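Encoded as structure tokens, the structure appears first; notes follow it.
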Amino acid sequence: MSKTWEHYHHASRHHERAAYHYKEAAKYDEAAEHEKAAHHAYLAHGHSQHAIHHDAEAAKLHAEQCDHSLAAASGQEAKKKR
């Protein structure tokens, strides 16, 4: 599995966990259990931050792969023109 794919996978999992905790926070907030709501909101925020990190890393690696592909293609075009 490529590093890019791993980051996409981890980002996805963290987004799912964040969504779960946001839903739990809303449920507890509606029931006026504010301490539990705050706890789940805190956990959701942490998972969101991890997801953002993995999203950024995946994007960076993807861009690097594209740059290498473009450089290789440009090199081949230059050889063909000679």
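Keep in mind the model is a prediction, meaning the values are calculated, not measured. One-based numbering along the sequence shown.
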When rounded to the nearest 0.5 angstrom, what distance separates [atom1] in [X] from [atom2] in [Y]?
{"X": "H39", "Y": "E24", "atom1": "NE2", "atom2": "CD", "value": "10.5 Å"}
{"X": "H47", "Y": "E16", "atom1": "NE2", "atom2": "CD", "value": "11.0 Å"}
{"X": "H62", "Y": "Q65", "atom1": "NE2", "atom2": "CD", "value": "7.0 Å"}
{"X": "D29", "Y": "H40", "atom1": "CG", "atom2": "NE2", "value": "12.0 Å"}
{"X": "Q49", "Y": "H14", "atom1": "CD", "atom2": "NE2", "value": "11.5 Å"}
{"X": "H50", "Y": "H10", "atom1": "NE2", "atom2": "NE2", "value": "12.0 Å"}

Problem set entry | H15 atom NE2: more than 12 heavy-atom contacts under 6.0 Å |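 Count over threshold, so yes.
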
Exercise. Near H45 NE2, under 6.0 Å, is it more than 12 heavy atoms from other residues, nucleotides or ligands?
Worked result: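 No, because the 6.0 Å sphere around NE2 of H45 holds 12 heavy atoms or fewer from other groups.
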
For this session: Evaluate the side-chain contact (heavy atoms from CB on, under 4.5 Å) criterion for residues E64 and K60: first the C-alpha distance (whole Å), next the side-chain angles of each, then the deciding distance (0.1 Å), finally the verdict.
Result: CA-CA 6 Å; E64 288 173 2; K60 183 175 79 174; 3.8 Å; yes

Problem set entry | A25 to A41 - nearest heavy-atom pair and separation |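 Minimum heavy-atom contact is CB-N, 3.8 Å.
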
Exercise. At their closest point, which heavy atom of L61 faces which heavy atom of H7, and how far apart are they?
Worked result: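 Heavy atoms of L61 and H7 come nearest at CD1-CD2, 3.6 Å.
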
Problem set entry | Centroid-centroid distance, Y8 to H54, less than 6.0 Å |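 Centroid separation for Y8 and H54: 6.0 Å or greater.
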
For this session: Provide the full list of salt bridge (Lys or Arg N to Asp or Glu O under 4.0 Å) pairs with a residue in residues 40-56, sequence neighbours left out, each pair given once.
Result: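 Sorted pair list comes back empty.
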
For this session: Walk me through it: do Y28 and H34 pass the test ring-ring contact (aromatic ring centres under 6.0 Å, His included)?
Result: CA-CA 7 Å; Y28 285 120; H34 301 295; over 10 Å; no

Exercise. Would you call K27 and E30 a salt bridge, using N to O less than 4.0 angstrom?
Worked result: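 Answer for the salt bridge query: no.
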
